[in-house]
Amino acid sequence: MTISWACLAVGIIIVAIGAVTFAGRFHVLFRDWKRMPESEKRKIHIKPLCHNIGAAITVCGALILAAAFSSFFLQKMFAWFMLGWFILAAMDIWFISKSRRYMDK
């Protein structure tokens, strides 16, 4: 079994970013979030939004980690799985922007 060290490193980084985002610790680093008035911040349901985005990022990292440990997956299926992930991530972003789930009414 050969390990793709580049996929391993990138996968670990992306999973870590996903976990930090899921925990609700990443958005506070963004300049726009810091500049947003408190009244606007209170309208956003940030915890479920962070869970949604963090889970999506973590799935991407898991796919890359799977590619690190399986040359068959990397060579034959990785591109298709990432295409599927991109489509689902785009649908998730569309859902976030259109639904009122993450905003107060």
Side-chain angles (χ1 to χ4, degrees):
M1 178 172 104
T2 61
I3 295 176
S4 172
W5 295 103
C7 285
L8 181 65
V10 171
I12 289 171
I13 291 168
I14 292 175
V15 166
I17 290 170
V20 171
T21 302
F22 188 87
R25 307 249 188 262
F26 197 61
H27 69 281
V28 296
L29 302 175
F30 293 122
R31 181 175 27 132
D32 288 342
W33 179 260
K34 291 176 184 177
R35 291 181 179 175
M36 186 181 296
E38 286 299 320
S39 61
E40 291 295 316
K41 288 180 185 178
R42 277 187 250 119
K43 292 179 183 177
I44 300 171
H45 299 189
I46 196 68
K47 190 164 187 115
L49 182 60
C50 287
H51 287 174
N52 184 324
I53 299 298
I57 294 170
T58 303
V59 168
C60 178
L63 288 173
I64 295 171
L65 284 175
F69 291 105
S70 172
S71 60
F72 175 78
F73 180 75
L74 180 60
Q75 294 171 3
K76 304 289 183 187
M77 297 185 297
F78 180 68
W80 292 108
F81 272 78
M82 286 306 294
L83 178 64
W85 180 85
F86 279 118
I87 291 168
L88 290 174
M91 290 170 57
D92 188 37
I93 291 170
W94 178 83
F95 173 75
I96 289 169
S97 68
K98 297 297 180 191
S99 76
R100 304 302 296 170
R101 181 177 183 179
Y102 304 106
M103 297 291 288
D104 278 337
K105 295 174 170 83

Peer 1: Please determine whether residues Ile93 and Val59 belong to a single hydrophobic cluster, defined as Ile, Leu, Val, Met, Phe, Trp and Tyr linked transitively by side-chain heavy-atom distances below 4.5 Å.
Peer 2: no

Peer 1: Between Leu74 and Phe69, is any pair of side-chain heavy atoms under 4.5 Å apart?
Peer 2: no

Peer 1: Can you give me the closest heavy-atom contact between Ala68 and Leu8, atom names plus distance?
Peer 2: CB-N, 3.5 Å

Peer 1: Between Phe22 and Phe26, is the ring centroid distance below 6.0 Å?
Peer 2: no

Peer 1: Please report the shortest heavy-atom distance between Met103 and Ile44, naming the atom on each side.
Peer 2: SD-CG1, 3.7 Å

Peer 1: Group every Ile, Leu, Val, Met, Phe, Trp and Tyr by side-chain heavy-atom contacts under 4.5 Å, then state whether Ile96 and Ile17 land in the same group.
Peer 2: yes

Peer 1: Can you name the closest pair of heavy atoms from Phe78 and Leu63 and give their distance?
Peer 2: CE1-O, 3.8 Å

Peer 1: Are Ile64 and Phe86 connected, step by step, through hydrophobic side chains (Ile, Leu, Val, Met, Phe, Trp, Tyr) whose heavy atoms are closer than 4.5 Å?
Peer 2: yes

Peer 1: Checking the side chain of Ser70 only, and the main-chain atoms of Ala66 only, is there a donor and an acceptor separated by less than 3.5 Å?
Peer 2: no

Peer 1: Can you name the closest pair of heavy atoms from Asp92 and Ala56 and give their distance?
Peer 2: OD2-CB, 4.4 Å

Peer 1: For atom NZ of Lys41, decide whether the heavy atoms of other residues, nucleotides or ligands shown that lie under 6.0 angstrom number more than 12.
Peer 2: yes

Peer 1: Is there side-chain contact between Met82 and Trp85, with at least one heavy-atom pair below 4.5 Å?
Peer 2: yes

Peer 1: Would you indicate whether the side-chain heavy atoms of Asp104 and His45 approach each other to under 4.5 Å?
Peer 2: yes

Peer 1: Which pair of heavy atoms, one from Ala67 and one from Ser4, lies closest together, and at what distance?
Peer 2: O-CB, 4.4 Å

